[in-house]
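Down below is the structure, laid out as structure tokens.
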Amino acid sequence: MKSLALLRFFMPTTGIRTGVLMEGVVHDVTPTVGPPAAWLQASAGRVAAAIDELRAAAEKAAYRLPVNDLEQPPATDCLHWLPPVDSQDIWAAGVTYARSRIARQEEAVDGGDVYARVYSATRPELFFKAQAPWVVGKHDAVGIRRDATWNVPEPELALVLNPALEVVGYTIGNDMSSRDIEGENPLYLPQAKIYRRSCALGPAIVLEPLEEAWPQIAIHIRIERQGSEVFSGSSHSERIHRRAAELVEHLGRCLDFATGAVLLTGTGIVPPDSFTLAEGDRITIAIDGVGELVNHVIVI
């Protein structure tokens, strides 16, 4: 059976809509499904049945459009992608790849022993990244801090959780980061990670329940400056050091998520130390079976 993807999009005549993507066609399910938060709540304890119901709603949808109609920057007078979250908090796991551990140690002015220890510790590193309204979607702008000198994107697989902490699917995430700020002192991580336009998600949530095994997918990034490629890299979900269930369990130990949550799972792609993003750069992150998350860079 073909996979489904849940998304949000903007329609000039009616505003924010909820869509289901099937075989290149977006089916507007807003009248029957409501916002993603409502579907995530309804899926708790019954993910497979909720996906079947969503498929049925999509097949009966009165309004449909080719997905390519959404491929333009956000504007009030045109169809466009919105981030696939509406009220969910976004959290992130850090130092989950060996490459990330090495990079964090290299950037730290004190040698980064804290990163070596957290990589092998029982408790993973988890931190708050963004509220849903702060997130940008495909073709929107991500930001680099005006008070930072070393800014990079972090391409990540993002798990989407319902209120029961069940993984209903996944999407593409970009956890923008100011490496010089975090490198100066690990306690500055919130300033390095949390600011306007520091998180991008999209284009849609591939609905694929996940328990123990990671989906076997490759993650790619390409950065272009004035039309020329200045960095590219690839990684794979099999290189994630921790199990998905382990990360989710720690996230939910003492927290509740009434409308679900998104968990970024760390990055395995790190540009060289000589690289930093510049205003106008174009970032394309691709994950097999999910699509591409494309953003341009502005200074915040």
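Judged as a salt bridge (Lys or Arg N to Asp or Glu O under 4.0 Å), the pairs with a partner in residues 8-18 (not counting sequence neighbours) are, in order, Arg17-Asp28. Judged as a salt bridge (Lys or Arg N to Asp or Glu O under 4.0 Å), the pairs with a partner in residues 276-300 (not counting sequence neighbours) are, in order, Glu224-Arg282, Arg225-Asp281. Residue pairs meeting the ring-ring contact (aromatic ring centres under 6.0 Å, His included) criterion with at least one partner in residues 5-30, sequence neighbours excluded, are Phe10-His80. The salt bridge (Lys or Arg N to Asp or Glu O under 4.0 Å) contacts involving residues 71-90 comprise Glu71-Lys138, where partners must be two or more places apart or lie in separate chains.
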Pairs under 3.5 angstrom only: tabulate donor-acceptor contacts from the side chains of residues 197-209 to other protein residues two or more places apart or in another chain.
| unit_1 | atom_1 | unit_2 | atom_2 | d |
| --- | --- | --- | --- | --- |
| Arg197 | NH1 | Asp140 | OD1 | 3.0 |
| Arg197 | NH1 | Ala141 | O | 3.0 |
| Ser198 | OG | Lys193 | O | 3.0 |
| Ser198 | OG | Tyr195 | N | 3.4 |
| Ser198 | OG | Tyr195 | O | 3.0 |
| Glu208 | OE1 | Tyr170 | OH | 3.2 |

Could you pull out all donor-acceptor pairs under 3.5 Å where a side-chain atom in residues 32-39 meets a protein atom, sequence neighbours excluded?
| unit_1 | atom_1 | unit_2 | atom_2 | d |
| --- | --- | --- | --- | --- |
| Thr32 | OG1 | Val29 | O | 3.3 |
| Trp39 | NE1 | Ala50 | O | 3.2 |

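Considering only residues two or more places apart in sequence or on other chains, Thr276 meets the side-chain hydrogen bond (donor to acceptor under 3.5 Å, both in side chains) condition with none of them. Listed by chain and number, the residues in a salt bridge (Lys or Arg N to Asp or Glu O under 4.0 Å) with Glu59 amount to none (sequence neighbours excluded). With sequence neighbours left out, Glu166 forms a side-chain hydrogen bond (donor to acceptor under 3.5 Å, both in side chains) with Asn162. The side-chain hydrogen bond (donor to acceptor under 3.5 Å, both in side chains) test applied to Glu249 returns Arg253, not counting sequence neighbours. Looking at residues two or more places apart in sequence or on another chain, you find a side-chain hydrogen bond (donor to acceptor under 3.5 Å, both in side chains) between Glu246 and Arg242. Annotation: side chain to side chain contact (heavy atoms under 4.5 Å, CB included) contacts of Ala245 (sequence neighbours excluded): Glu212, Arg243.
In summary, the side chains of His220 and Ser234 do present a donor paired with an acceptor at a separation below 3.5 Å, with no hydrogens or angles considered.
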